[in-house]
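I have a structure I would like to understand better, so I am pasting it below and will then ask my questions one at a time.
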Amino acid sequence: MRHTRCVTTTIDQDHPAGVAITTDLWRTAVVYQIYPRSFADSNGDGTGDLPGITSRMPYLRSLGVDAIWLSPFYPSALADGGYDVDDHRDVDPRLGTLDDFDAMVTALHAADIKVIIDIVPNHTSNRHPWFEQALAAGRGSLERDRYLFRDGLGGEQPPNDWESLFGGSAWAPAGDGQWYFHCFAAEQPDLNWENEAVREDFRRTVRFWADRGVDGFRIDVAHGLRKDLSEPYPPWGEIADVIRPDGSHPLWDRDDVHEIYADWRRIFDSYDPPRFAVGEASVHPTRRARYASAESLGQAFNFAMQDADWRPEDYRQVINGGLADMIDFASTTSWLLGCHDTPRVATRYGLPLDDDRPAQQVARDWLLADGTTPQLDTSRGERRARAAIMILLALPGSTYIYQGDELGLQEVADLPREVLEDPMARRSTKEKGRDGCRVPLPWSAEGPSYGFGQQIAHLPQPEWFAAYAVSVQEADPDSTLNLYRGALALRPELFPGDDFRWIESESSVLHFARPGGVRCITNFGAEPVALPAGEVLLSSAQLDHGRLPGDSTVWLRVP
Ligand code: NOJ
């Protein structure tokens with residue numbers, strides 16, 4: 001037996017400073033992402049809400065997660081699913097009140113579940129009082145300086161040809177010859193982080209929620225806050241590729257963004273225990289660790305896993321990269337298969353592998369074709385997604401689970417265009433948008449919204465949702481829900497610490513060892529493979545006469 005890579009030291013021993021910031025809990029936490037408008041609707045208005053979350057506490061407890069991350073629940077016109085925030089320190093009345101928020105946090109804490117909320121510092125909504133004041137106050141005003149207003153080139157001509165990430169121009173007219181910059185939808189004007197009033201307001205926001213008992217923060221677009229909008233502007237063609245290894249892009253991942261997080265770090269650390277933070281930073285892999293460093297946010301999403309195809313070499317590369325981050329940069333790593341921005345994992349893995357396009361792109365193109373082509377194999381996708389989550393949960397580091405993935409839910413591809421909520425669908429001809437993974441959860445096989453609420457849900461649920469309902473899966477010991485529960489229950493005992501080593505195996509198999517003789521073995525091939533002698537602890541599919549069938553993972557304890 002030969003070890004292809006050996007990671008034997010723990011971060012605690014090598015880098016005590018990292019541990020002070022990101023405590024053991026966060027280094028290994030399993031975090032469940034709740035997209036509140038689509039989780040549970042307590043008042044029958046078709047939209048999920050905070051009391052709905054509180055009412056599902058037994059479910060969250062039975063899942064065995066350490067924390068939840070709540071996507072935005074702030075007042076919003078929903079121009080971008082709540083990421084267009086009218087007031088960063090309040091609850092959208094459709095989702096509840098601040099009292100409901102406090103009751104939810106109390107219930108979560110009583111269930112021993114920590115709470116992470118989303119902070120959206122790159123932009124406000126265009127209904128935010130600051131933006132309304134900026135439009136009214138006019139050119140050169142202090143009010144406009146909180147945002148990024150620039151003079152246009154005359155007539156209908158914006159200041160430059162830069163594009164929004166949602167498609168179309170990144171500039172919208174103020175109506176008086178000036179234009180405001182927006183990386184995302186026009187309803188999301190970007191803030192000017194050179195402005196002290198902006199900085200002070202977000203310090204206040206962080207303290208506001210930390211004082212209410214929030215344990216951590218997910219920082220939206222963490223790599224986008226600092227910008228260089230000085231002239232001459234480079235043409236869009238020169239900067240359209242936003243991922244750079246050196247911090248030189250005018251809009252993304254600039255070195256000085258970390259000054260903001262060093263400032264917040266002082267606030268996080270003024271609490272006992274220190275507040276946790278994780279950055280959403282789509283940056284060059286060599287730059288991710290800056291966000292995850294002890295001086296900055298402490299953790300950064302590693303999106304590589306959700307970009308990976310179902311191939312052993314892809315997984316091996318992503319795992320090596322994530323573990324190297326942990327060791328080289330004294331941080332923790334995070335693994336995830338999906339979130340509210342990505343076609344669901346069971347669907348990505350159920351579509352044919354394509355040598356020219358990553359699975360995410362195949363899934364987006366399939367969505368654009370309303371799921372008609374290519375052919376989706378739902379059972380293969382769910383089988384692979386089950387195998388995949390067992391890999392993630394066996395790794396050192398923290399894992400994020402997107403609501404509904406624990407049910408093996410598929411992407412909803414055939415939502416009629418007229419019900420789509422995502423601005424991406426409106427602004428782009430190349431994307432159908434992200435609504436297909438945001439369809440409200442099915443809790444039971446019957447009812448107008450499959451137990452989500454008393455009435456139909458804000459996005460229509462397909463009939464096939466009934467078969468994935470929580471109540472159906474609870475009754476089936478082999479369901480994906482019960483696999484998640486079983487894996488999460490075993491994880492703390494089976495996978496302590498950071499020790500990890502690869503075990504050499506045939507090319508279609510991924511095999512690694514964790515402490516105490518525990519092995520995680522995945523067969524990516526089509527034919528069953530022999531397993532080492534040992535005690536089977538959990539498997540994502542039934543073994544075939546003691547062999548591991550294709551597209552499945554087993555946890556074993558070897559003597
Ligand atoms: C990232 C969020 O995950 C996404 O949903 C949102 O559209 C953008 N940030 C803009 O806030």
Side-chain angles (χ1 to χ4, degrees), residues 31 33-39 68-88 92 116-128 131 147-148 163-168 170 172 180-191 193 202 205 217-225 227 242-243 251-253 257 277-283 291 297 299-303 306-307 334 336-344 360 364 367 400-405 411 420-428 431-439 459:
V31 182
Q33 182 192 353
I34 292 184
Y35 189 75
R37 291 180 173 80
S38 297
F39 185 70
I68 62 151
W69 149 32
L70 214 53
S71 281
F73 48 82
Y74 312 110
S76 167
L78 303 182
D80 180 18
Y83 283 90
D84 47 317
V85 179
D86 297 347
D87 180 347
H88 295 84
D92 189 317
I116 298 173
I117 62 164
D118 232 302
I119 295 285
V120 188
N122 181 66
H123 43 262
T124 67
S125 80
N126 60 345
R127 307 196 314 176
H128 193 286
F131 190 69
Y147 294 89
L148 300 169
E163 292 178 16
S164 139
L165 289 187
F166 285 165
Y180 65 90
F181 183 76
H182 57 93
C183 279
F184 297 93
E187 295 88 348
Q188 293 165 293
D190 279 37
L191 286 163
W193 272 88
F202 274 91
T205 296
F217 302 95
R218 178 261 190 195
I219 312 303
D220 188 63
V221 206
H223 57 312
L225 274 45
K227 298 179 179 82
V242 297
I243 307 287
L251 301 177
W252 300 105
D253 188 29
V257 76
V278 55
E280 188 228 9
S282 302
V283 295
Y291 295 83
L297 292 171
Q299 195 182 76
F301 288 122
N302 179 355
F303 290 114
Q306 73 171 6
D307 295 338
S334 65
L336 59 133
L337 291 169
C339 67
H340 64 295
D341 292 331
T342 316
R344 283 205 181 266
Q360 278 228 27
R364 289 183 202 286
L367 268 174
Y400 287 74
I401 296 169
Y402 177 50
Q403 70 175 38
D405 280 355
E411 185 83 3
L420 295 180
E421 296 171 359
D422 186 0
M424 204 181 248
R426 279 196 308 277
R427 293 182 64 96
S428 167
E431 300 272 357
K432 188 164 178 191
R434 301 162 293 178
D435 292 308
C437 67
R438 300 176 180 181
V439 176
L459 279 169

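As the structure lists them, so they are numbered: ligands from 1, and atoms in each ligand from 1. None of these values were measured; they are calculated from a predicted model.
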Subject >> Matching residue for Tyr291 among Val278, Val257, Ile219 - test: side chain to side chain contact (heavy atoms under 4.5 Å, CB included) >> reply: Val257

Original post:
Who are the side chain to side chain donor-acceptor pair (under 3.5 Å) partners of Glu187, not counting sequence neighbours?
Top reply: none

Original post:
Does the pair Arg127/Asp84 count as a salt bridge with the N-to-O cut at 4.0 Å?
Top reply: no

Original post:
For Asp422 and Arg427, what are the C-alpha separation, side-chain angles and deciding distance, and is it a salt bridge (charged side-chain N to carboxylate O under 4.0 Å, His left out)?
Top reply: CA-CA 9 Å; Asp422 186 0; Arg427 293 182 64 96; over 6 Å; no

Subject >> Within the protein, residues bringing a heavy atom under 4.0 Å of ligand 1, chain by chain >> reply: Asp80, Tyr83, His123, Phe166, Phe184, Gln188, Arg218, Asp220, Val221, Glu280, His340, Asp341, Arg434, Arg438

**OP:** Can you sort out the partners of Phe166 under ring pair (Phe, Tyr, Trp, His ring centres under 6.0 Å), two or more places apart, ordered by chain and number?
**Re:** Phe184

**OP:** Using side chain to side chain donor-acceptor pair (under 3.5 Å) as the criterion, list what pairs up with His88, not counting sequence neighbours.
**Re:** none

